[in-house]
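Worksheet for the structure shown next.
Chain A is the first sequence line, chain B the second, and so forth, proteins listed ahead of strands; every chain is numbered from 1. Here the structure is a predicted model, which means the values were calculated and not measured.
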Amino acid sequence: MRTRANACTSGNWQYSYYPAGKYYPAYNNITGGLPARFTCGHYTLLAHAKVAKWYHNTFKGRGRITFKNSGNYFEPNSTSAADVESAQRNYDYSLGWFNDPVWNDGDYPASLRDTLGDLLPTFTDEEKALVRGSCDFFAIDG
Amino acid sequence: MSNSSYPGYPECAGSVSTAPDGFPIGPSGDNGVSWLYDTPTGIRRFLKHITTVLFPSVPDIMVSEFGFAEPFEGQQTSLNTILWDLRRADYYQSYLDNILASIYYDGVNVTGAWGWAIFDNFEWGSGTSVRFGLQVSLQSALCEMGCGANYFCSTSTTPPSSVCPRLVCSRS
């Protein structure tokens, strides 16, 4: 099973034009923009984690589960600290957004929390434990 | 960084598709996919960076999608022209070479690579004007393997090339 979670950015949650040409239905009065994007990502990741747990523990499937990632390879343009930090921020907002919770410590990258504050939803401790390790391998789109 | 009125918010980090000397990072695909460049050394570096720096706990990694849209293929009408998809062939050969290098020289546990795509299909908003298929399927009565498909089939150790057949399909 593969899902492509970063569609929350371009795909009719934050912006209306791609691919459906209009916003997706709004819940809890979150209608577009950054709150929609990060709420979408939050629940997509939780949904993935719940399905993965069900698949392994309840269904006892023999396959492997992950989500596929569509992100770019970044290299700093120079050796300056600002460029190195910029490359890492690019990763944090693309791959890190979904994969730091799964592969690192169960939570979003620190740079997302620092910059977005309340715009970024929070995980409970149970949710962190659910999300952490919910992918069996890494899938990257080249 | 927390100034939400800044135009680059919230990423506050940009990028360009040029090397530091200003030269573009690779040959580009069709105009309809302006984000697409053929950057084979990039995939090798990316596989290493993901599994060693960004997410070291990853046990194995697959390239779940890689492929190329030959420029202007959607506007070609002659099969003789379409079958020589040399940019796509070069893309597949060099990406597969670099994925192998990633495994054998860099020690990255790459367990799969999935080409996009076996057939031409509807490419998001570009529809049929942008073609990623290894087999020509949208234009003619015959599904033919181009050069790209020959590279993909001949450089994979499994399956053998006999399962990359010439298909005959009817035009809808």
Item to check | A:N72 portion near chain B, given a 4.5 angstrom heavy-atom threshold | outcome: backbone
Checklist entry - Would a distance-only check, ignoring hydrogens and angles, find a side-chain to backbone donor-acceptor pair under 3.5 Å from B:N98 to B:S94? => result yes
Checklist outcome for this item: Scored by heavy-atom pairs under 4.5 Å with chain A, the best of B:T111, B:V63, B:V58 is B:V58
Checklist outcome for this item: If one checks every heavy atom of B:I43 against chain A at 4.5 Å, the contacting part turns out to be side chain
Checklist entry - By a 4.5 Å heavy-atom criterion (distance strictly below it), what part of A:L112 contacts chain B: side chain, backbone, both, or neither? => result neither
Next on the checklist: Students often mix this up, so state it plainly: with edges at 30° and 60°, are the rings of A:Y91 and A:F74 parallel, tilted or perpendicular?
Outcome noted: perpendicular
Item to check | chain B contact via A:D136 - which portion, at a heavy-atom distance below 4.5 Å | outcome: backbone
Item to check | Heavy-atom neighbours of A:D118 CG exceed 12 at 6.0 Å | outcome: no
Checklist entry - Among B:W116, B:W35, B:F55, which has the most heavy-atom pairs under 4.5 Å with chain A? => result B:F55
Checklist entry - Do the side-chain N and O atoms of A:S111 and A:D92 include a donor-acceptor pair separated by under 3.5 angstrom? => result yes
Checklist entry - What part of B:I50 lies closer than 4.5 angstrom to a heavy atom of chain A: side chain, backbone, both or neither? => result side chain
Checklist entry - Looking at A:G117, A:S86, A:G133, which one has more heavy-atom pairs under 4.5 Å with chain B than the rest? => result A:S86
Checklist entry - Should the ring pair B:F66 and B:Y91 be called parallel, tilted or perpendicular, given that the plane angle runs from 0 to 90° and is split at 30 and 60? => result parallel
Next on the checklist: What I'd like to find out is whether the side chain of A:L95 reaches to under 4.5 Å of the side chain of A:W97, using heavy atoms alone.
Outcome noted: no
